[in-house]
Amino acid sequence: NQSPTEAACATPGAEARARLEDGLLVRWYMDPLFKGEYPADVLEALGADAPRVGAGDFAKIRAPLDFLGINYYTRNIALAEGKYDPTSSGLELTDMGWEVYPAGLTELLVRLHRDYPLPPLYITENGAGFEEDAPAGGGAVQDVARLRYLQSHLEMCHRAISEGVDLRGYLLWTLMDNFEWAEGYTRRFGLAYVDYATQENTSLRYDTTAHQFILNWKTPKTTGCYIARVTNADGLKIAEQSLPQIIIADMKMSQLSGEDFIAGIRSNSRVKHIPILLHSAMQPPLGEKEWARMGANAYLAKPVDLEILRH
């Protein structure tokens, strides 16, 4: 798993520790793959425990890749001494005790895109462990915390795409509740809830709200869809009827200014809560402050980004 690392405070000790932990979490793996070397500061820190490198090792290690898989769950905070207490941040925590920090996913992907000559990227793990009780008699588990986690992290994937990251896919951890290493069956990461008590027919599974969200994401229904592309009043009516997870406000086709166009969406009681992705071919592309001021949640600057979303 990789995480962006930041110092808990602006002291030399904390910043030095953050640099080292970034080396251990990210650069220790990325530098050999794409630069043909281990980071010098980490080798120095490891001392006698540093690995021996033989002739030709790096030529094999940095062989071309078809893709690079990235696992992300949370950020990393470094202290000069001791361990960071996630409860001190005030952010939501998963049952693993990890901060829910979606922005770290974009930060990590954009940083890797900036620092290394990457092949196409895939998110090979991302998810959250929350304890949710199955309702009596079956039915859907209302795992709203997991749904909120998925929505926010998928939005950050799209933000990374809009910033030039060649992100091709997203794999959730995990399909169904499973044995989670040292935590055993006490942590639930699954889209499908497993009733461990009955063990009927290799475990009874219940639908969850997050499960339904993913199904709607992959397969639009007649009663709802993932994306609604809004360019005018007719498009807004379609969004009102389908209640999508995301509205694309396509400024290329609108006769209104960005502020007025998005304000029209936000003033509609049925869709005002839905995240808005502003899509525009404006040159130069809008900065984050500009589209955030308009009321958009994210900004897609390139037509190819819109095509990725459609599929």
Side-chain angles (χ1 to χ4, degrees), residues 1-53 57-58 61-63 65 67-94 96-128 149 152-153 155-157 159-167 170-171 173 181 288:
N1 301 340
Q2 295 195 19
S3 299
T5 297
E6 58 186 85
C9 56
T11 63
E15 291 178 347
R17 185 65 193 180
R19 174 67 179 170
L20 177 59
E21 291 188 10
D22 172 76
L24 292 167
L25 282 172
V26 178
R27 292 181 289 116
W28 185 253
Y29 305 99
M30 297 297 101
D31 282 15
L33 286 173
F34 300 108
K35 295 183 178 180
E37 61 185 14
Y38 286 114
D41 59 325
V42 180
L43 288 175
E44 181 180 358
L46 292 175
D49 292 327
R52 296 181 180 180
V53 180
D57 282 358
F58 282 124
I61 291 172
R62 67 181 306 184
L65 301 176
F67 71 93
L68 178 67
I70 299 295
N71 297 356
Y72 174 81
Y73 290 94
T74 188
R75 66 176 175 175
N76 181 51
I77 303 294
L79 302 172
E81 300 288 343
K83 295 186 65 175
Y84 172 70
D85 177 12
T87 63
S88 65
S89 69
L91 297 176
E92 181 181 10
L93 302 180
T94 70
M96 297 292 288
W98 300 339
E99 291 178 332
V100 177
Y101 193 73
L105 178 54
T106 302
E107 181 182 342
L108 175 63
L109 293 175
V110 171
R111 178 266 181 97
L112 294 176
H113 171 69
R114 179 195 68 217
D115 291 353
Y116 300 99
L118 300 177
L121 296 181
Y122 288 82
I123 303 301
T124 41
E125 283 188 30
N126 177 241
Y149 182 98
S152 61
H153 283 76
E155 287 173 10
M156 292 302 102
C157 286
R159 179 172 295 188
I161 292 171
S162 74
E163 295 189 31
V165 176
D166 185 10
L167 181 60
Y170 173 96
L171 287 76
W173 187 266
W181 301 97
E288 181 170 355

Item to complete: Determine which pairs satisfy side-chain hydrogen bond (donor to acceptor under 3.5 Å, both in side chains) with at least one residue from residues 9-27, sequence neighbours left out, and list them in order.
Response: R17-E21, E21-N76, D22-R27, D22-R111, R27-D41
Donor-acceptor pairs are to be reported for all side-chain atoms of residues 29-40 against protein atoms at under 3.5 Å, with residues two or more places apart or in another chain.
residue, atom, partner, partner atom, Å
D31, OD1, Y116, OH, 2.5

Worksheet, complete the sentence: In terms of heavy-atom contacts, S152 and P102 come closest through OG-CG, 3.3 Å
Fill in: Smallest separation among heavy atoms of A7 and A18, with atom names
N-CB, 3.8 Å
Response to the item:
d(L105 CG, Y73 OH) to nearest 0.5 Å is 12.0 Å
Worksheet entry | Rounded distance (nearest 0.5 Å) linking atom CH2 of W173 with atom CG of N1 | 10.0 Å
Practice prompt. Search all heavy atoms of G13 against all heavy atoms of A80 and return the closest pair with its distance.
Written response: C-CB, 3.6 Å
Worksheet item: Between OH of Y72 and OG1 of T106, what distance do you get to the nearest 0.5 Å?
Response: 8.5 Å
Worksheet item: Which is it for L167 and I123 under the side chain to side chain contact (heavy atoms under 4.5 Å, CB included) test, yes or no, and what are the steps along the way?
Response: CA-CA 8 Å; L167 181 60; I123 303 301; 3.9 Å; yes
Discussion item. How long is the straight-line distance from CD1 of I70 back to CG of L109, given to the nearest 0.5 Å?
Written reply: 7.0 Å
Worksheet item: How long is the span from the CG atom in L68 to the OG1 atom in T124, to the nearest 0.5 Å?
Response: 8.0 Å
Worksheet, complete the sentence: Distance col, row I77:CD1 vs C9:SG, nearest 0.5 angstrom, shows 10.5 Å
Worksheet item: Between T74 and P4, which heavy-atom pair has the shortest distance, and what is it?
Response: O-CD, 4.3 Å
Worksheet item: Is there a side-chain contact between V100 and L91, using heavy atoms and a 4.5 Å cut-off?
Response: no
Response to the item:
Here the pair of heavy atoms bringing R52 nearest to D57 is O-OD2, 4.3 Å
Practice prompt. Not counting sequence neighbours, which residues clear side chain to side chain contact (heavy atoms under 4.5 Å, CB included) with L24? List them please.
Written response: L20, V42
Worksheet item: Which ring-ring contact (aromatic ring centres under 6.0 Å, His included) pairs, counting each pair once, include a residue from residues 2-27, with sequence neighbours left out?
Response: none
Worksheet entry | Sub-4.5 Å side-chain heavy-atom contact between V26 and L112 | yes
Worksheet item: Within a strict 4.5 Å, meaning less than it, do heavy atoms of the L118 and D166 side chains meet?
Response: no
Fill in: Set of salt bridge (Lys or Arg N to Asp or Glu O under 4.0 Å) partners for E92, sequence neighbours left out
R148
Discussion item. Quick test of your reading: applying salt bridge (Lys or Arg N to Asp or Glu O under 4.0 Å), list the pairs with at least one residue in residues 67-81, sequence neighbours left out, ordered by first then second residue.
Written reply: E6-R75, R75-E99
Practice prompt. Mind running side chain to side chain contact (heavy atoms under 4.5 Å, CB included) on W28 and L46 for me, showing each step along the way?
Written response: CA-CA 11 Å; W28 185 253; L46 292 175; 3.6 Å; yes
